[in-house]
Structures are given as C-alpha cells and as structure tokens.
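Accompanying notes for the structure given below.
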2 protein chains.
Amino acid sequence: MVLKLRKNKAEALPPLCAVGECMALLGGAWTPNVVWYLSAGARRFGELKADMVPVSAKVLSARLKDLEDKGVVTRCVMPTSPPSVEYALTELGAELVPALKAIVSVGQRLKARRAEAA
Amino acid sequence: MVLKLRKNKAEALPPLCAVGECMALLGGAWTPNVVWYLSAGARRFGELKADMVPVSAKVLSARLKDLEDKGVVTRCVMPTSPPSVEYALTELGAELVPALKAIVSVGQRLKARRAEAA
DNA sequence: TAATTTAGTTACTAATAGTAACTTGATTTA
DNA sequence: TAAATCAAGTTACTATTAGTAACTAAATTA
C-alpha cells in the first residue's frame, strides 16, 4: 500500500463529555471484565481467559493490547518456563475501579432479582 | 427470505457474572450516554440527539429501540404537532443510574486531569 | 519422542456502527 | 399558494469490531 491519504480519522474530535471520557477506556467487548478481574490483583493471560469464559484468545489479547496502549494495564513477561505473562492495573487503571464496583453492584442486584423471579 | 434455520443464537448462554449482567443493559455504542441523559428526566428524540453530538439518528434510534425492548426506557408519542416522542427511564432504567454516576464521576476526574495537563 | 502448557496469531464470517441521503406529515414563512 | 422547516425516523452502503476455530512456537514433563 502506498501511504494512503488519511481518511476519516481524528479530523474532528467529538466533544468530550464525562461519560465518553470514561467509556473511551472502558468501552469495547470484555473491557469492563478485564479491569474488574485485574482489580483483585495481577493475573496471567490464561487465568483471565478462564475468569472470563467464554471470551476468545483473540479478543482478550486485542483488549489487553488496547488497554496497555491506553495506559490502563501493564504487561510483564515472567521468566518462568514456559514463559508466562502477567497483566496488572496501572494507577490509571485503578482509577476506573470505582466505576466497576458500581457496575458490579448493580449487576448483583439484577442477578438476584432474576434468581428470585425464577 | 424463507424462515431461516436459527443459527448461533442463544444456543448456550454465557455464564452470568455480575459485570456481564449489568453490561448486557449498558453495552452497545452510546447506551451509557442515553441512560445518563435520561436520568435527568424525560427527553425527546431530537433533544437526546443534540445532547449526544455526534451520534447519528440511525444509531440513536437503534439504541432506544434496544433499551425499550429490554425494559430500560419507555417511548411515548406526544400529541403535538409535529408529533414528538418522549423517552424516559423505567424503574429498571433508574437502577442503572448509580453505575452511570460512578462512570461520570471517574470521567470528570480524567477530564480534569487532561485539562490541567494541557 | 510425544504430549502438555503458555501465550498468543491467523483466516474467515457475522454482527455492529458510521455516513449521508431520503421520507412523511404537519406547520410556518415568503 | 408554494417553499422551506421541523420531528422522528429509515435506508443503502461502507467500515470497524467481534466471534469461531484452527494453528504456531518454545520449553517441559512423561
């Protein structure tokens, strides 16, 4: 491909409301789950994948890469064998936790309600 | 189209963690924004669209339809001329508001930080 | 030597979102 | 009386994102 005339990217930034500001970090499939599970401490790729059945390796690795790029998580290759990779929240990531707690708390209420209805 | 043999829909429900339970209602582009703006009171289609620049009419109407189906918002055609349509949160919708407040509060901190960095 | 484990990637399809123009039935304006 | 405007969408088309399933690579254990 020959350079490619920039097209519809970042030409006009949308106005930043507070919802959007936070959802820019928390948006995308499985993102809230990743942050939530990491809020309990560092976790390896395979552990996260198991936590989040039925996420696929593809989406999980894409999400972790996005979050790393945005400064929400760190990625650390551990000198084990076979080598394993640990992900953890950064300080920025930790700031998202209160939002996650609120989401989980609402989720628990909904879930309880659904259980009692059944 | 001739009936269409059901394909990859609801064959195996994913395990319901609390994050997923809440995000099932709050997921999808612009959904948190809709709930947030409606948390301040009923609002017409055009008002919401203006609140949420640069959402498109297509996505906004899809989102409102989804939310209505899920029991999060009500849709009420008003006898004005031209007829207008008012959307409002249901009780279920109102239960999502604490999560939105937490999201907005985190968003405001991020926004403030970004402002001071500039 | 073969199977297992960890952490992914790849190719392909399906679903979701974005863009821009169009619709319908009034009503206000020229 | 005709033209422009407004509300609330819809439509056709493209682009981006997510899901599925199979595959890779290096090291280790059986």
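All chains are named by letter (A, B, ...) in the order of the sequence lines, taking the proteins before the strands, and each is independently numbered beginning at 1.
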Nearest to the side chain of [X], which nucleotide is it out of [options]?
X	options	value
Ala57(A)	dG8(C), dA17(C), dT19(C)	dG8(C)
Ala29(A)	dT20(D), dG19(D), dA8(D)	dG19(D)
Tyr87(A)	dA8(D), dT9(C), dG8(C)	dG8(C)
Arg44(A)	dA18(D), dA7(C), dG9(D)	dA7(C)
Val59(B)	dG19(D), dA17(C), dA7(C)	dA17(C)
Val85(A)	dA7(C), dA17(C), dT10(D)	dA7(C)
Lys58(A)	dT20(D), dT6(C), dG8(C)	dT20(D)
Pro82(A)	dT5(C), dA17(C), dG18(C)	dT5(C)

**Asked** Under a cut-off of 3.5 Å for both distances of each Watson-Crick or G-U pair, what dot-bracket string does DNA chain D give, using [ ] for crossing pairs and | for inter-strand pairs?
**Response** ||||||||||||||||||||||||||||||
Heavy-atom check, side chain of [X] versus side chain of [Y], under 4.5 Å:
X	Y	value
Leu110(B)	Leu92(A)	yes
Glu95(B)	Glu91(B)	no
Phe45(A)	Leu60(A)	yes

Could you state the atom-to-atom distance from [atom1] of [X] to [atom2] of [N] in whole Å?
X	N	atom1	atom2	value
Phe45(B)	dA8(D)	CZ	C1'	6 Å
Leu60(B)	dG9(D)	CG	P	9 Å
Arg75(B)	dA8(D)	CZ	P	9 Å
Leu64(A)	dT9(C)	CG	C1'	14 Å
Asn33(A)	dA18(D)	CG	P	13 Å
Met23(A)	dT17(D)	CE	C1'	15 Å
Met52(B)	dA8(D)	CE	P	14 Å
Lys49(B)	dG9(D)	NZ	C1'	11 Å

Can you tell me if [X] touches the phosphate of [N], counting only side-chain N or O atoms and a distance under 4.0 Å to OP1 or OP2?
X	N	result
Arg63(B)	dA17(C)	yes
Lys65(A)	dT9(C)	yes
Ser61(A)	dT9(C)	yes

**Asked** Base, sugar-phosphate, or nothing: which does Ser81(A) touch, judged by heavy atoms less than 4.0 Å apart?
**Response**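 Result for Ser81(A) = sugar-phosphate.
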**Request:** Remember a base hit wins even if backbone is also touched, and classify Ser84(B) as base, sugar-phosphate or nothing at under 4.0 Å, heavy atoms.
**Result:**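 Sugar-phosphate, backbone atoms only, no base.
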**Item:** Under 3.5 Å: donor-acceptor pair, side chain of Lys49(B), backbone of Val55(B)
**Value:**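 The answer is yes, because a donor-acceptor pair under 3.5 Å joins these two groups.
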Would you compute the distance between atom [atom1] of [X] and atom [atom2] of [Y] and round it to the nearest 0.5 angstrom?
X	Y	atom1	atom2	result
Ile103(A)	Leu25(B)	CD1	CG	11.5 Å
Met52(A)	Arg63(A)	CE	CZ	9.5 Å
Leu38(A)	Asn33(A)	CG	CG	10.5 Å

**Asked** Heavy-atom count around Lys101(B) NZ within 6.0 Å, excluding the residue itself: above 12?
**Response**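 Result for NZ/Lys101(B): open.
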